Amino acid sequence: MNKIAQMSCNPAVGGIAKGQIVREIDALGGMMGIITDRTAIQFRMLNRSKGPAMWSPRAQADRNKFSALWRETLERTPGLSMWQGSVDSLVFDADGRLAGVHTLEGATFEARQVVLTNGTFLNGLMHIGRVSFEGGRISEPSARGLTEQLRALGFVTDRMKTGTPCRIDSRTINFDLTVPQPGDPVRHLFSYLPGVESPLKQRDCYIVYTNETTCEVLRRGLPDSPLYNGQIQSIGPRYCPSIETKIVTFADKTEHQLFLEPEGENTTEFYLNGFSSSMPMPIQIEALSTVPALKDAQLYRAGYAIEYDFFDPTQLRHTLETRLVDGLYFAGQINGTTGYEEAAGQGLVAGANAALRALGREQFTLGRDQAYIGVLIDDLVNKGVDEPYRMFTSRAEYRILLRQDDADMRLTPLGYSIGLADERRYGLMEEKRRLRDSIIALCDTLTVHIGEVAALLEEVGTTPLRQGTRLRDLVQRPQLSLRLLAGSVAPLKQLIDSLPDDRRDEIVEAAEILIKYDGYIARERLIADKLRRLEEIRLPADLDYASLKSISTEGRQKLERHRPVTIGDASRIPGISPSDVNILLLLLNR
């Protein structure tokens, strides 16, 4: 139980698109954002140089305090019981219905709804060079039995691979030869709730680079690399490659950026982001010694790769319930995803739906225009995976609608309606909406006169006014912001000063984004609404796709395999052409 919420890889939460998922989890009523905020030792808002649709929060967390606070939170949750053990099989009743789980230790737990969140533990096998050993994580056993049982029930399964870098003793790092990477001076937060800031000391990360000698050492070790000697056959992550994959794929590059990240507020343990490796231990150590700042570095632990079982996610419904077994839900790496955030988003949806089903209530899903979590699940269910799935902003066609600043406006009402978000969270969201809209209303109605802002406009280098203009028109200028204008426009300053101290920046930012990007947001909403109509056209559950000869053979096979619920689902299945969709629409109209 001391491994609850263990951060297996780097002790960081968020990042490009992942940070949006964490804010969505918080908006729905989840705890991930709150616990990250309370244990953060660095916070950065990534992509600030781009538009707000691309802004992504990321935090370094104290690994041990993160896990400890999660356990404390769970232990204080009313109605929640915990049991430490390893599940080796599902239990079915005499009628073949799911009835619970059985553990390796001999305990049986009765349940009509079960959520499997197995991480990398299903038949986990770890590799360091030519050395292989069983385990789901370093020093923890793998889980056996479930894959074999589920395969016998008809589930399709395969293997994936991921890896982790070595851990370094910071007392042996020459920080004078690194480039410091401090956090933001003004910290943003993941949670929309006030009063959850971290009391911990903030720490810098550091950047170093590999060189030609580093690459030569690594190339010398390739014959003993499990990735290249045939030892590992499974699929690895494209977007978080090992250092040996980098030197092979990008053979012309000798310089690769690495990040030294502290594991906690006071620990000397550092994580070397960008140097994931399953090379033999001597090769890892020798390669690190070629980086000037790491010349004398001592390791706490070598990097390693791990292979594990996953299940084709096209076997799931959008609720994350499996199609083959009623009441059985999958979430996380069992579905072929990678990352804490992707797993947490799935866990929230699967857990909530399992609870709703137990209560006899309607299940809930998220659309592609509602949440990054909706994009993630829709991609998994309709497209499947051919490599570990990682979320990016580019995967979302409606990313202007799915900004990190407004996840509460999008999702808190939904979370409140199904019992995830509480009364306090919902009330704070409504108050934020009212205060945000009061700023927008002022900007829409207030006329600013030439003399009020002449000096400011000259100072920032924007076109002077020829006549009085609406405050909104000034806010929409790239050189200006609500904060800048408040220094010259008294009613605006008065309104901003009246906002709650602990939420002022968040409310002002939300109003400014809506004003500046109003046209883009409205256009994307229009497109989303048009396409949403396809989501409302349901396909009969018993439709015989094999008989639809006017649809291509590939289309019939894909439709039969995926059994889409709506026309929208069908349109996103790889291999389904626009003409196939049109034929389905014609048949439904008949």
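Keep in mind that the numbers below use all heavy atoms, side chains included, and drop hydrogens, waters and symmetry copies. Owing to the predicted nature of the structure, the values given are computational and were not obtained by experimental measurement.
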Closer than 3.5 angstrom, by distance alone: can the side chain of [X] be matched with the main-chain N or O of [Y] as a donor-acceptor pair?
X	Y	answer
E140	R137	no
S417	L414	yes
N118	L122	no
S56	A17	yes
E536	R533	no

Nearest non-hydrogen partners of [X] and [Y], listed with the distance:
X	Y	answer
I373	E24	N-OE1, 3.0 Å
L588	P540	CD2-CD, 3.8 Å
A61	F66	CB-CD1, 4.2 Å
V196	S191	CG2-CB, 3.9 Å
A344	I25	CB-CD1, 3.5 Å
Y304	I138	OH-N, 3.3 Å

So, [X] versus [Y]: side-chain donor-acceptor pair below 3.5 Å or not?
X	Y	value
E105	T103	yes
T164	R167	yes
T314	H562	no
N335	Q346	yes
Y389	D379	yes
Q60	N10	no
T566	R538	no
E341	Y372	no
D62	T39	no
S277	E244	yes

For F330 together with F155, are the ring centres under 6.0 Å from each other? yes
Is the distance between the ring centroids of Y308 and F121 under 6.0 Å? no
Knowing that exactly one of L559, I583, L584 qualifies, which makes a side chain to side chain contact (heavy atoms under 4.5 Å, CB included) with L548? L584
Please determine which of T322, L90, V156 meets the side chain to side chain contact (heavy atoms under 4.5 Å, CB included) test together with L150. L90
Can you find a pair of side-chain heavy atoms, one from [X] and one from [Y], that are under 4.5 Å apart?
X	Y	value
Q231	S132	yes
V581	I567	yes
L74	M82	yes
L356	F364	yes
T117	I334	no
V13	F190	yes
L320	N353	no
Y271	C9	yes

In terms of side-chain geometry, is the basic nitrogen of [X] or [Y] positioned less than 4.0 Å from the acidic oxygen of its partner?
X	Y	value
R572	D378	yes
E321	R112	no
D569	R317	no
D26	R425	yes
K558	E554	yes

In Å, rounded to the nearest 0.5 Å, how long is the span from [atom1] of [X] to [atom2] of [Y]?
X	Y	atom1	atom2	result
L402	Q404	CG	CD	12.0 Å
D326	Q113	CG	CD	10.0 Å
I4	Q84	CD1	CD	8.5 Å
D37	L193	CG	CG	9.5 Å
L328	L316	CG	CG	9.0 Å
L227	M279	CG	CE	8.5 Å

Ring of Y192, cation from R23 - is the NZ or CZ under 6.0 Å from the centre and inside 45° of the axis? yes
Verify salt bridge (Lys or Arg N to Asp or Glu O under 4.0 Å) between R395 and E342, making sure each step is shown before the conclusion. CA-CA 13 Å; R395 294 192 190 272; E342 290 89 343; over 6 Å; no
Which class fits the ring pair F109 and W83: parallel under 30°, tilted 30 to 60°, perpendicular over 60°? perpendicular
Do S278 and H127 pass the side-chain hydrogen bond (donor to acceptor under 3.5 Å, both in side chains) test, and can you show the C-alpha distance, the side-chain angles, and the key distance before you say yes or no? CA-CA 6 Å; S278 58; H127 304 268; over 6 Å; no
Could you give me the CA-CA distance, side-chain angles and deciding distance for E269 and R301, then say whether salt bridge (Lys or Arg N to Asp or Glu O under 4.0 Å) is met? CA-CA 10 Å; E269 188 177 356; R301 188 180 83 205; 5.5 Å; no
Is it true that atom OH of Y300 has more than 12 heavy atoms of other residues, nucleotides or ligands lying nearer than 6.0 Å? yes
Count the heavy atoms belonging to other residues, nucleotides or ligands that lie under 6.0 Å from CE of M281, then report whether that count exceeds 12. no
Show your reasoning for whether side-chain hydrogen bond (donor to acceptor under 3.5 Å, both in side chains) applies to T338 and Q333. CA-CA 6 Å; T338 180; Q333 282 169 294; 4.8 Å; no
Please step through side-chain hydrogen bond (donor to acceptor under 3.5 Å, both in side chains) for the pair N123 and E307, ending with a clear verdict. CA-CA 8 Å; N123 294 324; E307 291 184 280; over 6 Å; no
In sequence, state the C-alpha distance, the side-chain angles, and the governing distance for D309 and R159, and then conclude on salt bridge (Lys or Arg N to Asp or Glu O under 4.0 Å). CA-CA 5 Å; D309 295 338; R159 300 278 279 174; 2.9 Å; yes
In sequence, state the C-alpha distance, the side-chain angles, and the governing distance for R556 and E560, and then conclude on salt bridge (Lys or Arg N to Asp or Glu O under 4.0 Å). CA-CA 6 Å; R556 294 197 303 274; E560 188 62 40; over 6 Å; no
By side-chain hydrogen bond (donor to acceptor under 3.5 Å, both in side chains) - contacts of Y426 (at least two apart): E430
